[in-house]
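This report concerns only the one structure given below.
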Amino acid sequence: MSDHTLVARAPGAWIAPLISTLVTLPACFVAYLVGGLSPMACDSCGDAQADAFDSSYGIAFPVLLVGLCLALVLLFVSWALPWEHRYMARRAAFALAAPLMVPFAYVAFAALVDWP
């Protein structure tokens, strides 16, 4: 084989995705749990407040889910990139973007809900 077909593996390529996984998965779980339990905030609401909350929650919760799924996709991409030196910067960028997507998704969710 020629030297051009052999590509050296980057020795620390797994570190950024591992740290990202350890941060992103628990953060996604907590955001999903808080978002899922949010309807309890309107347990004592009147009819008008409850209707406003329910209609906004019906839009906001799918936005949260899409954001969390996007965070998981970013995490997957950080693991799936080839383990070569030339992909180290991209791997680190995807690994950093994954946990940052979680609070972004939650802020979008919280902004869309008409809280009582």
Side-chain angles (χ1 to χ4, degrees):
M1 280 190 212
S2 68
D3 290 335
H4 298 288
T5 58
L6 295 176
V7 178
R9 290 179 61 120
W14 56 272
I15 294 172
L18 178 64
I19 293 171
S20 182
T21 300
L22 294 175
V23 173
T24 304
L25 292 181
C28 282
F29 176 73
V30 169
Y32 178 76
L33 190 66
V34 170
L37 294 176
S38 292
M40 292 185 351
C42 201
D43 281 346
S44 62
C45 294
D47 288 339
Q49 278 183 326
D51 289 341
F53 177 83
D54 288 342
S55 65
S56 66
Y57 183 81
I59 295 169
F61 193 67
V63 168
L64 176 66
L65 293 179
V66 167
L68 295 180
C69 287
L70 184 56
L72 295 176
V73 167
L74 291 169
L75 182 63
F76 174 77
V77 170
S78 75
W79 280 107
L81 284 171
W83 299 92
E84 301 170 8
H85 284 283
R86 64 181 173 164
Y87 292 103
M88 289 289 285
R90 289 181 199 151
R91 180 182 312 284
F94 281 110
L96 178 64
L100 292 179
M101 186 62 195
V102 177
F104 178 76
Y106 184 78
V107 167
F109 163 77
L112 289 172
V113 173
D114 185 15
W115 297 100

Backbone N or O of E84 within a donor-acceptor pair of the R9 side chain at under 3.5 Å?
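No: the side chain of R9 does not pair with the backbone of E84.
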
For R86, is there any backbone N or O sitting under 3.5 Å from a side-chain donor or acceptor partner on R91?
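No; judged by distance alone, with no hydrogens or angles, the pair does not exist.
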
[X] to [Y] - nearest heavy-atom pair and separation:
{"X": "A16", "Y": "A92", "answer": "CB-CA, 4.2 Å"}
{"X": "A41", "Y": "P116", "answer": "O-CG, 3.5 Å"}
{"X": "P17", "Y": "S78", "answer": "CG-O, 3.5 Å"}
{"X": "F61", "Y": "G36", "answer": "CE1-N, 3.7 Å"}

Would you give the length of the straight line joining atom CG of L81 to atom CZ of R90, rounded to the nearest 0.5 angstrom?
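Answer rounded to 0.5 Å: 7.5 Å.
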
Could you state the interatomic distance from CG (L22) to CD1 (I19), rounded to the nearest 0.5 Å?
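Nearest 0.5 Å value for the CG-CD1 distance: 7.5 Å.
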
Is there side-chain contact between [X] and [Y], with heavy atoms separated by less than 4.5 Å?
{"X": "Y57", "Y": "S38", "answer": "yes"}
{"X": "L74", "Y": "L96", "answer": "no"}
{"X": "L25", "Y": "L75", "answer": "yes"}
{"X": "M101", "Y": "C69", "answer": "no"}

Within one Ile-Leu-Val-Met-Phe-Trp-Tyr cluster: [X] and [Y], side-chain cutoff 4.5 Å:
{"X": "V30", "Y": "L65", "result": "yes"}
{"X": "F104", "Y": "L100", "result": "no"}
{"X": "L64", "Y": "L70", "result": "no"}
{"X": "W83", "Y": "L18", "result": "yes"}

Scan residues 16-34 for pairs that pass side chain to side chain donor-acceptor pair (under 3.5 Å), counting only residues two or more places apart or in two chains.
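Side chain to side chain donor-acceptor pair (under 3.5 Å) check on residues 16-34 returns S20-T24, T21-W79.
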
When you look at CZ of F94, are more than 12 heavy atoms from neighbouring residues, nucleotides or ligands closer to it than 6.0 Å?
no

So for atom CG, which belongs to D43, do other residues, nucleotides or ligands contribute more than 12 heavy atoms lying within a distance under 6.0 Å?
yes

Aromatic plane relationship, W115 with F109 - under 30° parallel, 30 to 60° tilted, over 60° perpendicular:
perpendicular

Out of the candidates L112, L68, V113, only one should pair with V63 under the side chain to side chain contact (heavy atoms under 4.5 Å, CB included) rule; please name it.
L112

